[in-house]
Amino acid sequence: MSSSSTESPSRGPGLLAKLPSVDRVLAKPPLRTLSAQYGLGQVTATLRAVLDGLRAQVQAGALTAEQLDTHASTETLAGTVAHRLEAKFAPRLRAVFNLSGTVLHTNLGRALLPDDAVQAVVRTLTAPANLEFDLATGGRGDRDDLVDELLRELTGAEAATVINNNAAAVLLTLNALAARKEVIVSRGELVEIGGAFRIPDIMKRAGATLVEVGTTNRTHAKDYAEAITPRTALLMKVHTSNYAVTGFTKSVSESEVAHIAHAASAAHPQGVPLVVDLGSGTLVDLSRWGLPHEPTVHETIAAGADLVTFSGDKLLGGPQAGLIVGRKDLIAKIKKNPLKRALRVGKLTLAALEPVLRLYLTPERLAERLTTLRLFTRPQAQMRAQAETLMPLLQAALGAAYTVDTAPMFSQIGSGALPSDTLPSHGLRIQPAQAKGAGRALAHLESALRELPRPVIGRVADHALWLDLRCLETQDEADFIAQLAHLQTPPKA
Ligand SMILES: *Cc1c(COP(=O)(O)O)cnc(C)c1O
């Protein structure tokens with residue numbers, strides 16, 4: 001409804017005439033500058049949305065004539081449009097500081113790649129590469145061949161294939177070898193990994209029938225042996241990566257299950273292989289660096305596993321990938337399955353994986369070259385010295401509303417690897433100065449840290465925010481300090 005007054009109204013739909021047209025505003029110099037930067041289409045659409053918003057406010061009678069004059073001025077419109085486009089064009093996937101104390105943090109992208117791998121990715125993305133091209137013959141190649149030899153040497157397996165991630169490796173293996181057949185798994189190993197990966201669900205999707213044996217806490221060799229029938233496709237062991245069963249427990253070792261599988265194979269129509277989902281699957285014995293022992297892929301193959309599946313971006317320290325290594329005939333069968341094509345890796349992955357695997361050929365230098373291992377093995381004294389340097393700077397940036405001190409703490413490896421083992425670390429502990437409203441002050445601090453140009457992710461525990469410095473390497477320290485000036489605390493009332 002329009003105003004019946006002939007006077008210029010001070011509020012309401014009568015003000016609509018004061019709204020400038022899209023075309024008129026677009027022709028103004030500040031908007032033309034924005035169009036040169038973002039393109040006319042983006043600026044037009046954004047400006048139209050801003051003007052639509054103003055029109056709705058006018059119709060609702062929410063703006064006075066003076067307010068509308070300000071909001072609809074060229075300067076204000078250009079500012080609003082610039083602000084919206086800046087936000088729209090800013091990257092969503094951003095670098096953060098992972099000071100959570102979990103080194104392989106799945107939600108923060110797991111393993112960090114060493115520089116060699118990064119350079120290889122850049123090269124491979126900006127120039128054509130022999131991804132599936134045999135340079136010796138000029139004929140068609142197989143992308144798995146790029147890493148096959150390395151994986152065979154590092155694991156002792158006969159053959160290898162690489163796909164998108166380890167969940168896909170399990171799915172593909174089960175579908176290729178066990179569709180419409182039975183797979184025997186201990187009840188103690190029916191794991192759920194974060195992000196909805198559950199062994200029974202994957203089994204169903206792969207078309208295999210799960211045969212559970214044993215109980216949650218105890219499974220015996222005879223449980224496996226007695227469950228084998230002519231419909232059995234394979235025996236499976238799943239590394240219980242993210243939990244530990246303790247107390248009155250019994251599980252059957254890989255070598256014992258392998259023995260049972262192979263003994264049954266002779267009298268079985270297709271044989272009964274043992275497949276081990278190792279989860280994190282390290283390629284080297286971590287106890288060499290004083291870290292807790294985790295079964296290696298090599299040990300698992302040596303124990304008699306016919307196939308082993310593991311992740312590329314957990315302990316291995318490479319890109320997201322799923323690796324399957326083992327018997328040549330079984331790998332050949334897996335590679336013929338159409339799901340292999342659907343789940344294959346791209347050249348980015350292979351470009352990054354190959355140099356990471358090559359680092360393992362020289363284990364003497366692995367702890368300095370492989371980023372994740374370097375982080376796991378950082379001496380606590382180094383983090384303590386860092387904490388002492390940063391403590392007064394952070395205290396100054398936070399002001400009197402918070403108290404910062406240095407504190408020993410424990411990091412976790414993460415991604416389900418070695419859940420009950422922790423690494424002694426050091427860092428900063430931030431507590432609200434006032435007990436009253438401390439919960440709110442902590443929440444505010446966490447969000448202020450997340451709003452920094454490079455967001456800082458810590459961990460709240462025991463009424464404090466903990467910043468574990470294990471993953472703040474020396475080369476990043478200056479960036480961390482520089483952005484403290486942007487910290488928006490204490491909360492504004
Ligand atoms: C992590 C894990 C998986 C899934 O691996 P992704 O690489 O994350 O897909 C599967 N099985 C086990 C035992 C794991 O620990």
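Given the structure is predicted, the values throughout are model-derived calculations rather than measurements. Remember, it's 1-based here, ligands and their atoms both numbered in the order they're listed. What's counted below: heavy atoms across the whole structure, side chains too, no hydrogens, waters or symmetry copies.
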Is the contact between Lys314 and ligand 1 made by the side chain, the backbone, both, or neither, using heavy atoms and a 4.0 Å cut-off?
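Looking at Lys314 and ligand 1, just side chain atoms fall under 4.0 Å.
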
Do any nitrogen or oxygen atoms of Asp313 lie less than 3.5 angstrom from nitrogen or oxygen atoms of ligand 1?
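Checking ligand 1 against Asp313, no N or O pair falls under 3.5 Å apart.
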
Decide whether an N or O pair under 3.5 Å exists between His239 and ligand 1.
no

If you draw the axis of the six-membered ring of Phe248, does the NZ or CZ of Arg218 fall within 45° of it and under 6.0 Å from the ring centre?
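Yes, Arg218 and Phe248 form such a contact.
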
Please work out which of Ala167, Ala321, Ala168, Ala169 has its closest non-hydrogen atom nearest to atom 4 (C) of ligand 1.
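That would be Ala167.
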
Run down the list Ser280, Gly281, Ser311, Gly279 and name the one with the heavy atom closest to atom 12 (C) of ligand 1.
Gly279

Over all heavy atoms of both residues, which pair between Leu146 and Leu131 is shortest? Give the atoms and the distance, please.
CD1-O, 3.9 Å

So is Arg110 in contact with ligand 1, going by heavy-atom distances below 4.0 Å?
yes

If the contact criterion is a heavy-atom separation under 4.0 Å, does Asp277 count as touching ligand 1?
yes

State whether the number of non-hydrogen atoms from other residues, nucleotides or ligands found under 6.0 Å of Arg231 atom CZ is greater than 12.
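Result for CZ/Arg231: open.
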
Is Glu132 salt-bridged to Arg143, going by a charged N under 4.0 Å from an acidic O?
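A salt bridge is present here (some side-chain N lies under 4.0 Å from a carboxylate O).
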
Do Asn217 and Thr249 have side-chain N/O donor and acceptor atoms under 3.5 Å apart?
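Their side chains do not contain a donor-acceptor pair, so the 3.5 Å distance test is not met.
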
Close side-chain approach of Arg358 to Glu354, heavy-atom, < 4.5 Å
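Touching, per the 4.5 Å side-chain cut-off.
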
